[in-house]
Amino acid sequence: MAHLTSHIWSSLLSYYILKTDIIREEFSNSSCYCGAHFCNVASDCFEYNAGGPSLNARYFLTTTCVCVSLVSILIAAVFLDPLEQEKEFYFSFNNMKATYEILKRKEMLFLVPLSIHSGLIQAFYVGDFNKSYVACAWGTYHVGLVALCYGIVCGISSVLSGWIVRHVGRRPVFSTAAILNAISLAYLLVWTPHSNSPKMFFFAAGLWGAHVGIIWSQLRDVSFGKRIRTLKDKVVGRLGEAVKSHQFNIC
């Protein structure tokens, strides 16, 4: 949730800063190739709508981000509790063996393509969706505003998916995410973005953020949380067997 919160505030920040660089909101949609048919060369409106911001806007945005980063570091240094330095890290072959045994399970192997898919959908939204749909048809400075909707819906779906999993299980939740993913891809394939229909940009971003939030939250819980708990159980079980064997030898 902290990551998604930073995504929301950064989107608002970029939108209002880049908006100061706009004098008149005029968009060229007469001969555009935006959306699924976007091409940097063929799209006549790309340079007009999605042109880069001025140097003043770039310096202002960069300076603001650096200042926010410095303030966040200062807040973390002052208010965050220091880490415990008493714990010593030790290398154990038993831990490595237990981790290897878990990674051999087919359930964990099936999570690898899903992890790759999670990275691909994030790269698609940050790169292709913002450039081919939002910036091309509605202007570069609207990317932050649309990303705000994406971050809010992604955070809500992430929280709700955790609550639903406790009642119905993970299989219906992952199935819902797969259906939303298919609907999102079909919608982006047939939709032609236009600046006269701004609500459709938010609908597309929200639809994409809904299934991304589910995949992010549940994939991390399944791959890391379950693996750590299983690893802990295995290690504790082996230590218990070692203690019993040692007590038996003493007797």
Side-chain angles (χ1 to χ4, degrees), residues 3-58 60-62 64-65 117-158 180-216:
H3 168 70
L4 296 175
T5 303
S6 64
H7 184 83
I8 293 173
W9 293 115
S10 62
S11 300
L12 277 176
L13 187 65
S14 64
Y15 168 70
Y16 283 107
I17 291 178
L18 295 178
K19 189 178 180 180
T20 59
D21 199 34
I22 304 299
I23 300 177
R24 293 184 303 173
E25 292 190 359
E26 294 181 355
F27 306 101
S28 174
N29 295 108
S30 58
S31 59
C32 294
Y33 293 94
C34 299
H37 302 286
F38 172 79
C39 180
N40 290 339
V41 179
S43 183
D44 297 333
C45 65
F46 177 72
E47 293 296 333
Y48 187 85
N49 292 348
S54 63
L55 291 178
N56 293 332
R58 292 184 180 182
F60 186 27
L61 181 61
T62 304
T64 304
C65 293
H117 171 74
S118 177
L120 291 176
I121 58 179
Q122 176 65 9
F124 171 79
Y125 176 82
V126 174
D128 295 311
F129 177 79
N130 289 331
K131 184 178 182 179
S132 305
Y133 289 84
V134 184
C136 179
W138 203 17
T140 304
Y141 71 97
H142 282 109
V143 170
L145 188 62
V146 177
L148 175 65
C149 177
Y150 166 82
I152 293 175
V153 176
C154 188
I156 294 175
S157 65
S158 177
L180 290 176
N181 188 16
I183 295 175
S184 300
L185 293 176
Y187 176 75
L188 294 178
L189 185 62
V190 300
W191 173 49
T192 301
H194 199 280
S195 59
N196 293 333
S197 302
K199 294 181 180 180
M200 306 309 296
F201 293 92
F202 298 104
F203 175 76
L207 193 62
W208 195 263
H211 79 270
V212 170
I214 296 175
I215 293 177
W216 273 4

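When all heavy atoms of Ser157 and Ala210 are compared, the closest pair comes out as OG-O, 3.1 Å. Nearest heavy-atom pair, Ser14 versus Ser11, reported as atom, atom and distance to 0.1 Å: OG-O, 2.9 Å. Taking each heavy atom of Phe201 and His194 in turn, the nearest pair found is CE1-O, 3.2 Å. The two residues Lys131 and Ala135 come nearest to each other via the heavy atoms O-CB, 3.9 Å. Leu188 and Ala36 get closest at one heavy-atom pair: O-CB, 3.9 Å.
Atoms CD1 and CG, from Ile214 and Leu180 in turn, are 5.5 Å apart once rounded to the nearest 0.5 Å. Remark: Thr140 OG1 to Tyr15 OH distance equals 13.0 Å, nearest 0.5 Å. Between Leu12 atom CG and Ile17 atom CD1 the span is 11.0 Å, to the nearest 0.5 Å. For the atom pair Ser184 OG and Leu189 CG, the distance stands at 12.5 Å (nearest 0.5 Å). Separating the SG atom in Cys154 from the CD atom in Gln122 is a distance of 8.0 Å, to the nearest 0.5 Å. Rounded to the nearest 0.5 Å, atoms CZ (Phe202) and NE2 (His142) are 7.5 Å apart.
Taking the ring centroids of Tyr150 and Phe129, they lie at or beyond the 6.0 Å cut-off.
Contact of the Trp208 side chain with the Asn181 side chain is registered, since non-hydrogen atoms from C-beta on lie closer than 4.5 Å. Side-chain contact between Trp138 and Pro193: absent, with no pair of heavy atoms (C-beta onward) separated by less than 4.5 Å. In this structure, the side chains of Val143 and Tyr133 stay at 4.5 Å or more apart for every pair of heavy atoms.
Around CZ of Phe60, the count of heavy atoms belonging to other residues, nucleotides or ligands within 6.0 Å does not exceed 12. Tyr16 OH: 12 or fewer foreign heavy atoms inside a 6.0 Å radius.
Under the side-chain contact (heavy atoms from CB on, under 4.5 Å) test applied with Phe124, the options Val126, Leu120, Asp128 reduce to a single match, Asp128.
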